[in-house]
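Scroll down for the structure; my scribbles are underneath it.
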Amino acid sequence: MSEGYKGRIGNLIRDARKHRGLTQHQLAELLATSQSAINRIEKGNQNLSLEMLARIGAALDSEIVALGAGPTHLRVSGPTTLSGEIDVKTSKNAGVALLCASLLNSGRTTLRKVARIEEVNRLLEVLGSMGVQTKWLNTDNDLEIIPPKKLDLDRIDEDAARRTRSVIMFLGPLLHRQETFDLPYAGGCNLGTRTVEPHMSALRPFGLEVKATDGMYHASVNRAVVPQRPIVLTERGDTVTENALMAAALHPGTTVIRNASSNYMVQDLCFFLRKLGVKIDGVGTTTLTVTGRETIDVDVDYAPSEDPIEAMSLLAAAIVTKSEITIRRVPIEFLEIELALLEEMGFQYDRTEEYDALNGCTRLVDLTTKPSTLRAPLDKIHPMPFPGLNIDNLPFFAVIAAVAEGQTLLHDWVYENRAIYLVELNKLGAQVKLLDPHRVMIEGPTSLSGTEIVCPPALRPAVVILLAMLAAKGTSVLRSTYVIHRGYEELAERLNLLGANIEPFRDI
């Protein structure tokens with residue numbers, strides 16, 4: 001391989017081609033060139049014009065060269081009135097869990113309509129570096145996953161692993177595959193902090209011990225240790241429950257998990273594990289009884305359900321812009337509390353009869369929003385584990401409260417600092433007062449006007465600011481929006497289809 005920029009570009013093109021599941025011959029056909037030319041390009045032995053680079057990027061759906069190579073920003077012109085219909089995409093959190101759970105299966109796993117977001121891309125890079133074959137099958141985002149006979153954990157892509165928060169969910173499935181292994185983890189995620197210790201206490205009954213040094217989890221498994229009594233989770237966390245479920249799936253005995261999360265992504269994982277032949281009782285409750293299997297080797301086809309947090313994002317967009325839109329495929333059982341609260345505040349909407357998601361289990365409806373004048377709720381708004389108001393949906397009530405009449409108190413008791421980012425709405429003209437790290441008081445209604453804001457590092461507050469910009473008068477700029485791409489697929493483009501005016505740009 002020739003060194004220098006041509007070699008590096010050749011590597012990028014080769015990796016992007018493999019990621020798309022194309023042969024050199026197939027890429028050559030798409031570009032109306034020869035396979036030998038593609039071979040020379042990938043080996044760094046070919047001069048490339050900017051036009052050819054652009055054509056290769058388009059064929060591979062991958063930005064090979066970015067002008068300025070800087071972050072992407074969004075320019076929003078408002079105020080906007082939205083109209084039309086939009087489908088809710090499948091759940092990002094379910095997709096991430098199912099990618100991790102595919103490691104339990106020695107057969108072929110096909111996942112339907114997977115959210116094509118940055119978090120998923122990073123996980124695919126990690127899986128690929130371990131020897132797992134992954135392939136996007138079509139434009140519907142169906143994804144095929146075929147594991148190797150033996151995973152190569154020594155070659156794990158550390159850079160990709162450190163750019164995802166989900167790598168900790170490899171612990172549950174991997175503890176059955178190897179007796180010792182190392183996993184890189186994202187900085188700032190040390191053992192003993194509340195984010196990690198609950199995972200350890202959930203997995204110790206399966207014989208897993210983990211030491212964390214130098215940014216690595218060093219895992220060892222004692223096969224003689226199996227759960228002797230119900231596992232009681234110290235925190236009803238989604239990813240903790242998923243890790244315990246995946247560990248239990250390949251334990252041939254019966255495992256009882258108490259204080260389990262019953263949130264949407266956990267239910268999707270349960271439905272998927274049932275398709276793998278794992279017996280699970282109590283789905284949707286806080287006690288799960290899992291009878292696992294010694295081995296799992298099946299060809300499985302599964303479609304995760306739609307994302308209630310994206311549905312709430314679209315609802316908030318309609319409410320703050322006083323728009324009538326139809327949001328299709330809304331997972332209603334995970335939005336009932338939010339809708340009941342919005343009705344109390346004066347929100348008006350129509351809904352269809354319920355119908356089944358593609359997984360055959362989750363209940364969906366179509367919602368049509370009506371322009372509504374909202375008033376603040378009488379009580380504070382706070383999240384609770386399912387079936388309460390979803391923790392990830394709480395921030396959307398900040399921008400809704402900004403256009404409602406009266407004072408609204410939001411209590412974000414779960415996260416240490418997330419509420420602080422909601423004060424950024426003040427730059428657009430909102431009146432958000434930080435009472436302490438967990439509580440904000442919002443006075444409405446306010447007239448929002450455009451400004452420039454650097455995207456906060458937290459996903460939901462970042463989207464809340466983008467939605468406020470839709471309702472703001474004039475031009476707004478939201479800078480460095482990678483965090484939104486981590487959790488949403490083409491959000492700006494899809495809002496534009498409803499009539500928004502959002503333009504992505506880079507600094508050149």
Side-chain angles (χ1 to χ4, degrees), residues 19-21 61-62 84-103 105 107-125 127-128 132-146 164 166 169 238 242 263-276 298-315 326-335 352 354-367 392 459 484-495 497-498:
H19 187 60
R20 292 289 289 165
D61 191 23
S62 174
E85 300 183 339
I86 188 168
D87 286 357
V88 177
K89 296 266 193 187
T90 61
S91 156
K92 110 178 163 71
N93 287 324
V96 163
L98 296 174
L99 278 178
C100 298
S102 71
L103 290 171
N105 184 19
R108 175 190 284 108
T109 299
T110 306
L111 300 176
R112 302 290 174 189
K113 297 183 185 243
V114 175
R116 204 154 177 179
I117 54 172
E118 289 300 319
E119 187 82 355
V120 165
N121 291 338
R122 297 294 79 75
L123 276 177
L124 291 179
E125 289 167 4
L127 288 170
V132 179
Q133 292 179 39
T134 62
K135 179 175 160 188
W136 294 104
L137 297 176
N138 49 39
T139 54
D140 286 338
N141 290 2
D142 295 343
L143 182 65
E144 181 183 80
I145 305 156
I146 303 173
T164 167
S166 311
M169 287 203 298
D238 303 324
E242 288 165 337
N263 210 353
Y264 61 96
M265 70 294 279
V266 175
Q267 292 196 27
D268 247 324
L269 177 59
C270 289
F271 302 145
F272 173 72
L273 292 176
R274 280 177 176 171
K275 284 200 125 183
L276 295 181
V298 294
D299 287 348
V300 66
D301 193 309
Y302 184 77
S305 183
E306 281 68 17
D307 194 326
I309 317 302
E310 179 175 289
M312 183 69 206
S313 312
L314 297 169
L315 268 174
T326 297
I327 307 168
R328 294 184 300 226
R329 307 188 68 78
V330 174
I332 187 64
E333 62 197 281
F334 302 106
L335 273 177
T352 63
E354 294 179 1
Y355 55 96
D356 282 344
L358 291 177
N359 65 13
C361 301
T362 307
R363 297 181 283 118
L364 306 179
V365 298
D366 299 348
L367 298 178
D392 280 339
L459 171 60
I484 295 177
H485 304 301
R486 256 196 61 240
Y488 288 78
E489 185 180 353
E490 298 179 339
L491 179 61
E493 293 87 338
R494 293 166 66 230
L495 288 169
L497 292 175
L498 295 173

[X] versus [Y], closest heavy-atom pair with distance:
X      : Y      : result
Ser166 : Leu123 : CB-CD1, 4.0 Å
Leu335 : Val330 : CD1-CG1, 3.5 Å
Leu269 : Ala101 : CD1-CB, 3.6 Å
Ile332 : Glu354 : CG2-OE2, 3.9 Å
Asp307 : Tyr264 : OD1-OH, 4.0 Å
Lys275 : Val298 : O-CG2, 4.5 Å

Do the side chain of [X] and the main chain of [Y] share a donor and acceptor less than 3.5 angstrom apart?
X      : Y      : result
Asn141 : Ala115 : no
Glu85  : Thr326 : no
Glu333 : Arg363 : yes
Glu310 : Lys89  : yes
Asp238 : Val266 : no
Asp268 : Pro304 : no
Asp140 : Asp142 : no

task: May I have the step-by-step check of side chain to side chain contact (heavy atoms under 4.5 Å, CB included) for Leu127 and Leu103, ending in yes or no?
output: CA-CA 9 Å; Leu127 288 170; Leu103 290 171; 3.8 Å; yes
field: Donor-acceptor pair between Thr362 and Gln267 side chains, under 3.5 angstrom
entry: no
- request: Go through the steps for Arg122 and Glu119 under the test salt bridge (Lys or Arg N to Asp or Glu O under 4.0 Å), then give the verdict.
  value: CA-CA 5 Å; Arg122 297 294 79 75; Glu119 187 82 355; over 6 Å; no
field: Verdict with supporting geometry, Arg328 and Asp87, salt bridge (Lys or Arg N to Asp or Glu O under 4.0 Å)
entry: CA-CA 5 Å; Arg328 294 184 300 226; Asp87 286 357; 2.5 Å; yes
message: Using side-chain heavy atoms (C-beta onward) and a distance below 4.5 Å, is Leu315 in contact with Ile327?
response: yes
query: Would a 4.5 Å heavy-atom cut-off, applied to side chains only, mark Leu99 and Leu143 as touching?
result: yes
Measuring from atom [atom1] of [X] to atom [atom2] of [Y], what distance do you get when rounded to the nearest 0.5 angstrom?
X      : Y      : atom1 : atom2 : answer
Thr90  : Glu489 : OG1   : CD    : 7.5 Å
Leu111 : Asp301 : CG    : CG    : 8.5 Å
Leu98  : Ser91  : CG    : OG    : 8.0 Å
Asp299 : Thr109 : CG    : OG1   : 8.0 Å
Ser305 : Asp356 : OG    : CG    : 10.0 Å
Lys113 : Leu358 : NZ    : CG    : 6.0 Å

message: My understanding is that only one of Arg108, Lys135, Gln133 makes a side chain to side chain donor-acceptor pair (under 3.5 Å) with Glu144; could you say which?
response: Arg108
task: Under the side chain to side chain donor-acceptor pair (under 3.5 Å) rule, collect the residues that match up with Arg329, sequence neighbours excluded.
output: Glu306
field: Qualifying residues under side chain to side chain donor-acceptor pair (under 3.5 Å), relative to Tyr488, sequence neighbours excluded
entry: Ser313, Arg460
task: Determine, step by step, whether Leu314 and Leu495 satisfy the side chain to side chain contact (heavy atoms under 4.5 Å, CB included) criterion, reporting the C-alpha distance in whole Å, the side-chain angles of both residues, the deciding distance to 0.1 Å, and the verdict.
output: CA-CA 9 Å; Leu314 297 169; Leu495 288 169; 4.3 Å; yes
- prompt: For Asp392 and Asn93, what are the C-alpha separation, side-chain angles and deciding distance, and is it a side chain to side chain contact (heavy atoms under 4.5 Å, CB included)?
  reply: CA-CA 11 Å; Asp392 280 339; Asn93 287 324; 4.3 Å; yes
- prompt: Given the rule in the side-chain hydrogen bond (donor to acceptor under 3.5 Å, both in side chains) test, do Asp366 and Tyr355 qualify, once you have shown the distances and angles that lead to the verdict?
  reply: CA-CA 9 Å; Asp366 299 348; Tyr355 55 96; 2.5 Å; yes
